[in-house]
Amino acid sequence: MIITMRCNNLISEMKPDKRWALKPADEAVVSKLYEALKISPSICRLLALRGVKDYDTAKLFFRPELSQLHDPFLMKGMKKATDRITEAIEWHERIIVYGDYDVDGTTAVSLLYSFLKKNYAGELAYYIPHRYREGYGISRQGIDYAHGNGYTLLITLDCGIKSVEHIAYAQSLGIDVIVCDHHLPDAQLPQAFAILNPKQPGCNYPYKELSGCGIGFKLASALAKQWKLPIDNVYPYLDLVATSIAADIVPIDGENRILAYYGLKRINESPCLAISTLKELSSANRILSISDLVFVIGPRVNAAGRMDDARKAVEFFIETDPDKIGVLAAALHSDNDDRREVDKSITDEALSIMQEEAGGPAKKSTVLYRPHWHKGVVGIVASRLIDHYFRPTIVLTSANGKATGSARSVPGFNIYEAIHECRDLLDNYGGHFYAAGMTMSENNVDEFIARFEKTVAATITDDQQVPEIEIDAEIPLTFVKPAFYNLLKQFEPFGPANMKPVFLTRELYDYQGSSVIVKEQHLRVIAHQKNGAVIEGIGFGLGEKYEIVKNGPFDMVYNIEENEHNGNTKIQVKLVDVRKSATTPNP
């Protein structure tokens, strides 16, 4: 029997700080899954929301297998790429692997470089452009380095799909370029020797959302297949692929779900020396999740490029000497400490500026420019400002005599298109729906701020200006038990396209006055329903909701999790939001 929801889509009994939206599910699919699986209707609803339609797709979802990975030669350009690499090895050419300076790029370079190094005794090198001296993508300086050192085959990873002019320059110097990229191509593709990108026109590869490192993995898999090597030669790199998937925030569905699942398994059972060392250094002595890769491993890898030189990250991943790797790990850890300090300082200054500026609340966008801000953290700062002022945000600084920076958006608003409308004021720009970067003359900043605000104000909707909490299912408190939680754990790994399930429970009461405010800002709840069910929970930063809980009844939105303390494990909830119930019956 399917649980009847109290609303079809948007829950809006009262005007809240945040909108609560119940995700629409196909109830016919939910019923079909219930009949086939004989498990909780709420679990069936979660599956339906994740694209699971029947018993077979449910089996694939709950029991992913590496054998389900697609044949890499289905990717357009793959045979051409592997033949060229094979030819380069046979003729002892010099090969250089070129990648972006972020986590996705450095893991991708580390993966392909390590794989080729094990199978090629010839001259092999890698190149990571400097974030500040060269910028994103293929640089002329990088091409000149390759040419000056006699490299005749350049393989890009996580970049290159938009580098039309630079790849033409490389070809003019006699360097063949193989592009491995996952970003959306422009109308004009570069004239590379081969392009590996599932998003390019005419590519029939079944899965389109691989990370840059994921495409590097597919290239290594294709080479192993062509060279008749056991596929086990490639699987040890799955920990790098999982790290890239987490850090680059790509969807964790389809093929990425399989790669992330087995990558996490390797990280927790037999990680490479680099990741093992970072786990120890960061005191992450537990079973790591995708969230840990995002917030523990990823920032330490990213910090190399943000604060210094991202080559350090590749050096770290390919090092096999335990003594040397300890030194490299300490350097990354130190870079991350510096990054956090700079990040906090700039965020505090930016918030102070926004509070002082006139017309703040009425504005639809935020664009801040200070020449002294560190370029390596402006994207992080933009994201933090959205947490305080929920609107499209751009943070600019000065580099090489230009204003340059990063943009971040709110759900549903295409910030790339808004920047595109101001393109005549920009020297260059790039990005996607929710994040972008740009460079302009410092003389154009004021006009850009005015034009961008006008563009956003004309296109953003009212709903896009209010944070939304998407709810997977409404359940009674009696469902929050170990057996239900154990089923939820099988939905891991969580991430985009498969976020940790969010539940709604209505008409709760403070249990015997036990709920309290912790450390002046967090809400510790012990809640119960009239049916007698009781649950404990914590709401970080929700201390201001205490009076709502105290005076009940209240509704709460939450995740279900395990809490381990002094060797005891119990189920609790992590509050996402709380609001007063629409009705006020006696408990």
Side-chain angles (χ1 to χ4, degrees), residues 77 80-81 84-85 88 93-113 116 124-200 210-216 219 244 248 304-305 309-311 313-314 375 399-400 402 404 406 426-432 435-439:
K80 194 175 182 182
R84 181 65 184 89
I85 294 170
E93 293 182 57
R94 293 189 166 202
I95 304 171
I96 188 165
V97 182
Y98 187 114
D100 189 23
Y101 42 68
D102 67 1
V103 177
D104 194 14
T106 53
T107 53
V109 168
S110 302
L111 185 158
L112 190 62
Y113 176 86
L116 291 175
L124 180 68
Y126 61 86
Y127 190 95
I128 305 292
H130 196 280
R131 179 188 289 261
Y132 309 119
R133 293 194 294 268
E134 298 171 73
Y136 170 76
I138 302 177
S139 69
R140 192 179 183 94
Q141 183 176 329
I143 296 169
D144 288 340
Y145 173 86
H147 178 62
N149 288 278
Y151 293 96
T152 53
L153 177 60
L154 186 151
I155 306 171
T156 79
L157 290 152
D158 194 34
C159 62
I161 197 65
K162 296 177 183 291
S163 301
V164 175
E165 293 180 6
H166 285 116
I167 288 177
Y169 175 61
Q171 300 280 35
S172 75
L173 297 175
I175 301 172
D176 282 342
V177 180
I178 295 173
V179 172
C180 305
D181 202 351
H182 70 130
H183 295 98
L184 192 65
D186 290 332
Q188 182 183 2
L189 293 175
Q191 294 300 305
F193 185 88
I195 296 175
L196 304 181
N197 186 331
K199 295 171 184 172
Q200 68 175 304
L210 291 167
S211 65
C213 187
I215 293 178
L219 175 57
S244 79
D248 221 53
D309 187 344
R311 283 182 61 88
V314 179
K375 184 181 177 183
N400 302 318
K402 298 285 187 177
T404 182
S406 294
L426 305 175
D427 291 352
N428 57 65
Y429 65 101
H432 50 80
M438 73 226 66
T439 301

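Just so it is clear, the values below take in all heavy atoms, side chains as well, and ignore hydrogens, waters and symmetry mates.
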Quick check: do [X] and [Y] have side-chain heavy atoms less than 4.5 Å from each other?
| X | Y | result |
| --- | --- | --- |
| Pro129 | Tyr98 | yes |
| Ile161 | Ile195 | yes |
| Arg94 | Leu153 | no |
| Leu189 | Asn197 | no |
| Tyr151 | Ile175 | no |
| Asp186 | Val164 | no |
| Asp158 | Cys213 | no |
| Gln191 | Val177 | no |

For [X] against [Y], the heavy-atom pair lying closest together:
| X | Y | answer |
| --- | --- | --- |
| Cys180 | Leu219 | SG-CD2, 3.9 Å |
| Ile128 | Ala310 | CG2-CB, 3.6 Å |
| Tyr126 | Val109 | CB-CG1, 3.6 Å |
| Gly160 | Pro190 | O-CG, 3.6 Å |
| Asp104 | Gly212 | OD2-N, 2.8 Å |
| Gly305 | Arg131 | O-NE, 3.3 Å |

Under 3.5 Å, is there a donor-acceptor pair between the side chain of [X] and the main chain of [Y]?
| X | Y | result |
| --- | --- | --- |
| Lys199 | His182 | yes |
| Asn400 | Lys402 | no |
| Lys80 | Phe193 | yes |

Measure the [atom1]-[atom2] distance between [X] and [Y] for me, rounded to the nearest 0.5 Å.
| X | Y | atom1 | atom2 | answer |
| --- | --- | --- | --- | --- |
| Thr107 | Asp100 | OG1 | CG | 10.0 Å |
| Lys162 | Leu184 | NZ | CG | 6.0 Å |
| Asn428 | Met438 | CG | CE | 10.0 Å |
| Leu111 | Ile215 | CG | CD1 | 12.5 Å |
| Asp176 | Glu93 | CG | CD | 7.5 Å |
| Arg140 | Glu134 | CZ | CD | 13.0 Å |

Pick out which of Val314, Leu157, Val97 makes a side chain to side chain contact (heavy atoms under 4.5 Å, CB included) with Ser110.
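The single option meeting the side chain to side chain contact (heavy atoms under 4.5 Å, CB included) with Ser110 is Val314.
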Out of Ile178, Ile96, Val179, which residue meets the side chain to side chain contact (heavy atoms under 4.5 Å, CB included) rule with Thr156?
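Output: one option passes, namely Val179.
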Parallel, tilted or perpendicular: which one describes the rings of Tyr127 and Tyr145, with boundaries at 30° and 60°?
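Judged by the thresholds at 30° and 60°, the geometry between Tyr127 and Tyr145 is tilted.
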Derivation and outcome, side-chain hydrogen bond (donor to acceptor under 3.5 Å, both in side chains), residues His130 and Asp309
CA-CA 6 Å; His130 196 280; Asp309 187 344; 5.4 Å; no
Suppose we screen for side chain to side chain donor-acceptor pair (under 3.5 Å). Which residues come up paired with Asn149, at least two apart in sequence or across chains?
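Residues passing side chain to side chain donor-acceptor pair (under 3.5 Å) with Asn149: none at all.
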